[in-house]
Amino acid sequence: MSQWSDPPPEHAALAEQFPPLTNHEAIVEADRCLFCYDAPCTHACPTHIDIPRFIKRISTGDLTGSARTILDANLLGATCSRVCPVQELCEGACVLGADHKPIAIGRLQRHAMDHLQASGVDVLRAGPPTGRSVAVIGAGPAGLACAGELVRRGHAATVFEKRELGGGLSTYGIIGLREPIRVALSEVEMLERLGVTFRTQMELGVNLDFAELRESFDAIFLAAGLGTTPSLGIEGEELLTDGLWYVEQSKLNWGALHVGRNVVVIGAGNTAIDCATIARRLGAERVTIVYRRTKNEMSAYPHEFEFALGEGIEFQFLTQPVRALAKDGQRFGLECAQVRFTDGASRRHALEFVPGSEFLIPADQVVKAIGQQKPPLAALLGLETAGGYIRIDVEHRTSIPGVYAGGDGVRAAGACSTVMAVEDGKLAAQSIHRMLAAKPVAQGV
Ligand SMILES: Cc1cc2nc3c(=O)[nH]c(=O)nc-3n(C[C@H](O)[C@H](O)[C@H](O)COP(=O)(O)OP(=O)(O)OC[C@H]3O[C@@H](n4cnc5c(N)ncnc54)[C@H](O)[C@@H]3O)c2cc1C
Ligand code: SF4
């Protein structure tokens with residue numbers, strides 16, 4: 001896979017936010033842990049990492065053993081240590097949170113994973129070859145976790161990825177402040193060394209044929225994530241900057257990203273907060289997030305909202321964009337209207353315009369960060385869906401025999417997150433393994 005280097009110093013504003021713990025800091029923090037029996041932090045982790053065990057190993061100086069414990073449950077432990085909403089998960093469940101400070105589980109996990117990466121030691125081993133092979137579509141967290149778990153069980157796994165680099169949104173989507181690209185790519189390299197085969201710039205439905213894959217592999221795992229940014233359907237939409245593109249440029253194309261002085265971001269989830277942060281950190285004087293509902297309905301987590309406020313980002317709630325305007329050649333404005341919830345209706349759905357409330361928010365850049373479209377592969381492959389997402393059963397099987405799916409593309413309910421995608425990949429690999437163990441050897445789905 002392609003080489004990558006860290007951003008130059010002039011992009012320090014978007015460099016990783018938290019410094020690593022020193023060895024001393026890590027040991028002091030690890031020593032605070034009560035090593036709880038039936039630990040609530042482990043229950044709260046979607047991948048069920050044995051948290052007291054990996055922390056114990058840090059406190060005894062066994063950082064490699066600690067990283068091994070993490071990887072046993074979560075092959076993307078380095079990414080998850082940075083991007084997981086730990087306040088809502090493990091740290092939120094830590095028994096020390098009630099009276100004291102919860103253990104800094106995320107930062108300890110990062111300490112162990114960084115040590116492993118720097119040491120160059122490989123702790124993962126491929127299982128004895130079974131002669132079975134699985135095609136994985138997409139090199140994001142779900143695909144990587146599935147491929148790695150399959151190889152650990154002795155199956156050959158080939159990941160087909162449409163882009164040049166692996167890592168999915170960890171590489172292309174999540175702001176560098178939270179996760180630098182090198183972390184995502186080092187996980188891809190670790191899996192490559194384990195024995196996963198990567199074939200990049202191969203896109204299912206473009207230069208990769210589904211029928212041929214079904215003939216050549218014993219199973220297929222679909223982990224292609226979601227689609228592009230949906231349309232707002234407003235006049236002047238072509239004047240808006242795409243939010244996913246904006247984040248990607250900030251990570252891969254430093255220097256080329258034009259940031260306005262007065263930036264408006266439309267949306268209220270991860271992408272919106274990331275875009276607003278990028279704009280602010282790269283010099284925008286004023287950044288306003290416009291959202292048609294209230295703070296309570298935002299899909300961003302409360303700590304992200306607080307973070308955005310700390311960055312000086314303003315919020316304009318109950319505000320609906322009506323049209324984007326070009327003025328004086330390059331300058332833009334976003335015409336909006338106030339909206340309100342209709343009486344007695346569910347706050348999630350029913351909104352109405354407040355008559356005569358139209359107003360213009362002056363802006364020289366308007367970024368559209370309203371999430372992603374439902375998974376395009378569902379329609380392409382004729383898969384059964386649930387609310388537009390790929391329908392799977394408890395074994396992660398889709399409606400096509402031998403074809404499994406996981407990650408954002410199946411997340412019909414609940415927020416999309418990296419750790420959930422990793423868990424999907426792990427569980428799907430276990431299901432595929434069970435299916436292959438029960439099936440006589442003969443290639444093809
Ligand atoms: C801006 C942003 C910020 C986020 N921040 C966080 C965060 O802080 N914490 C967190 O937990 N989650 C965050 N998320 C969500 C998280 O990134 C996703 O939940 C996670 O990446 C989903 O993993 P996945 O493997 O399902 O999909 P993806 O990461 O989207 O990976 C899918 C892969 O499939 C490839 N692909 C697509 N179609 C094809 C095809 N036809 N053929 C071959 N390959 C294909 C894509 O190129 C991509 O590499 C964020 C998301 C965004 C957009
Ligand atoms: S809940 Fe807190 S104190 Fe208990 S094992 Fe987990 S991190 Fe340690």
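- In summary, the side chains of E189 and S186 do not present any donor paired with an acceptor at a separation below 3.5 Å, with no hydrogens or angles considered.
- Closest non-hydrogen pair, R125 versus L194, comes out as C-CD1, 3.5 Å.
- Proximity of F210 to V403: side-chain heavy atoms (C-beta onward) are separated by under 4.5 Å at one or more points.
- Atoms CZ and CG, on F160 and L222 in that order, are 12.5 Å from each other to the nearest 0.5 Å.
- Legend: residues meeting side-chain contact (heavy atoms from CB on, under 4.5 Å) with P129, ordered by chain and number and at least two apart, are absent.
- No donor-acceptor pair closer than 3.5 Å links the side chain of K368 to the backbone N or O of T229.
- In terms of modelled atom types and a separation under 3.5 Å, the side chain of T42 and the main chain of I49 share a donor-acceptor contact.
- Residues L383 and L377 share a closest heavy-atom pair of CD1-O, 4.1 Å.
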Practice item. Given side-chain contact (heavy atoms from CB on, under 4.5 Å), test H43 with D38 step by step and report yes or no. Key: CA-CA 8 Å; H43 283 290; D38 202 19; 2.8 Å; yes

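- When the side-chain contact (heavy atoms from CB on, under 4.5 Å) test is applied to I27, the partners found at least two apart in sequence or on another chain are D31.
- Taking both residues in full, the closest heavy atoms of L380 and G205 are given as CD2-CA, 3.8 Å, listed atom of the first, atom of the second, then distance.
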Review point. Going through the checks in order, is the side chain to side chain donor-acceptor pair (under 3.5 Å) test met by S231 and E237?
Key: CA-CA 8 Å; S231 167; E237 184 139 6; 3.3 Å; yes

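- Among residue pairs with one or both ends in residues 201-211, none qualify as salt bridge (Lys or Arg N to Asp or Glu O under 4.0 Å); sequence neighbours excluded.
- Applying the salt bridge (Lys or Arg N to Asp or Glu O under 4.0 Å) test to E25 and every residue at least two apart in sequence or in another chain returns nothing.
- Between R68 and F54, the closest side-chain pair of non-hydrogen atoms is not below 4.5 Å.
- With hydrogens and angles ignored, the 3.5 Å screen pairs no side-chain donor or acceptor of Y404 with any backbone N or O of A429.
- Considering all non-hydrogen atoms of both residues, G166 and V188 come closest at C-CG2, 3.8 Å.
- Between V134 and L436 the shortest side-chain heavy-atom distance falls below 4.5 Å.
- For D408 against G225, the heavy-atom pair with the smallest separation is CB-CA, 4.2 Å.
- Within the 4.5 Å cutoff, no side-chain heavy atoms of C41 are placed close to those of L89.
- The backbone N or O of L165 lies less than 3.5 Å from a partner atom in the side chain of Y172, making a donor-acceptor pair.
- Side chain of S81 to backbone of Q109: no donor-acceptor contact under 3.5 angstrom is found.
- Sorted by first and then second residue, the pairs that involve residues 299-313 and meet salt bridge (Lys or Arg N to Asp or Glu O under 4.0 Å), not counting sequence neighbours, are R281-E311.
- Rounding to the nearest 0.5 angstrom, the gap separating the CG atom in N270 from the CD1 atom in I174 is 7.5 Å.
- Looking only at distances, no side-chain donor or acceptor of Q372 sits under 3.5 Å from a matching main-chain atom of T228.
- With sequence neighbours excluded, the residues satisfying side-chain contact (heavy atoms from CB on, under 4.5 Å) with A276 are V265, V287, I289, I313.
- Looking at residues two or more places apart in sequence or on another chain, you find a salt bridge (Lys or Arg N to Asp or Glu O under 4.0 Å) between E149 and R152, R153.
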Only distances under 3.5 Å count here; give the side-chain donor-acceptor pairs of residues 386-396 to other protein atoms, sequence neighbours excluded, each with its distance to 0.1 Å.
| from | atom 1 | to | atom 2 | distance (Å) |
| --- | --- | --- | --- | --- |
| R391 | NH2 | T385 | O | 3.3 |
| D393 | OD1 | E395 | N | 2.9 |
| D393 | OD1 | H396 | N | 3.2 |
| D393 | OD1 | R397 | N | 2.9 |
| D393 | OD2 | R397 | NE | 2.7 |
| D393 | OD2 | R397 | NH2 | 3.1 |
| E395 | OE1 | S431 | OG | 3.1 |
| E395 | OE1 | R434 | NH2 | 3.1 |
| E395 | OE2 | R434 | NH2 | 3.3 |
| H396 | NE2 | D424 | OD1 | 3.2 |

Practice item. With side-chain contact (heavy atoms from CB on, under 4.5 Å) as the test, would you mind laying out the steps for I181 and S170 before giving the verdict? Key: CA-CA 7 Å; I181 291 181; S170 308; over 6 Å; no

Please table the atom pairs, donor to acceptor, closer than 3.5 Å between any side-chain atom in residues 12-21 and protein atoms at least two apart or in another chain.
| from | atom 1 | to | atom 2 | distance (Å) |
| --- | --- | --- | --- | --- |
| E16 | OE2 | R82 | NE | 2.6 |
| E16 | OE2 | R110 | NH1 | 3.4 |

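- In plain terms, the two heavy atoms of A308 and I273 that are nearest each other are CB-CD1, 4.0 Å.
- Looking only at atom types and distance, the side chain of T79 has a donor-acceptor partner in the side chain of E187 under 3.5 Å away.
- Remark: the backbone N or O of A156 is not paired with any side-chain donor or acceptor of S133 at under 3.5 angstrom.
- Using a 4.5 Å heavy-atom threshold, the side chains of I105 and V86 count as separate.
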Show me, pair by pair, the donor-acceptor contacts under 3.5 angstrom made by side chains of residues 412-423, not counting sequence neighbours?
| from | atom 1 | to | atom 2 | distance (Å) |
| --- | --- | --- | --- | --- |
| S417 | OG | M420 | N | 3.4 |
| E423 | OE1 | K426 | NZ | 3.1 |

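- Atom OG1 in T294 sits 4.0 Å away from atom CG in N296 (nearest 0.5 Å).
- The cationic group of R293 does not satisfy the cation-pi geometry with F317, failing either the under 6.0 Å distance to the six-membered ring centre or the 45° limit from the ring axis.
- To the nearest 0.5 angstrom, I51 atom CD1 is 10.0 Å from L108 atom CG.
- Here the side chains of L232 and L240 are in contact, with some heavy-atom distance below 4.5 Å.
- Rounding to the nearest 0.5 Å gives a distance of 9.5 Å between CZ of R32 and CD1 of I55.
- In this structure, the side chain of Q365 engages the main chain of G260 through a donor-acceptor pair within 3.5 Å.
- The backbone N or O of G65 sits less than 3.5 Å from a side-chain atom of D62, completing a donor-acceptor pair.
- Under the 6.0 Å cut-off for aromatic ring centres, H155 and H433 qualify, their centroids lying closer than that.
- One finds a salt bridge joining E248 and R163 here, because a Lys/Arg side-chain nitrogen approaches an Asp/Glu carboxylate oxygen to under 4.0 Å.
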Exercise for review: Could you check N23 against H115 for side chain to side chain donor-acceptor pair (under 3.5 Å), going step by step and ending with a plain yes or no?
Suggested key: CA-CA 10 Å; N23 255 333; H115 164 84; over 6 Å; no

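- A side chain to side chain donor-acceptor pair (under 3.5 Å) check over residues 52-61, counting only residues at least two apart or in different chains, returns the pairs R57-T69.
- Residues satisfying the side-chain contact (heavy atoms from CB on, under 4.5 Å) criterion with L71, sequence neighbours excluded, are M113, L116, V123, L124, M190.
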**Study point:** Stepwise side-chain contact (heavy atoms from CB on, under 4.5 Å) check, T398 with L381
**Key:** CA-CA 11 Å; T398 68; L381 306 180; over 6 Å; no

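- Side-chain contact between C90 and C94 is absent, with no heavy-atom pair separated by less than 4.5 Å.
- For the pair L144 and F198, the minimum side-chain heavy-atom distance is below 4.5 Å.
- Between the E29 side chain and the A26 main chain, no donor and acceptor come within less than 3.5 Å of each other.
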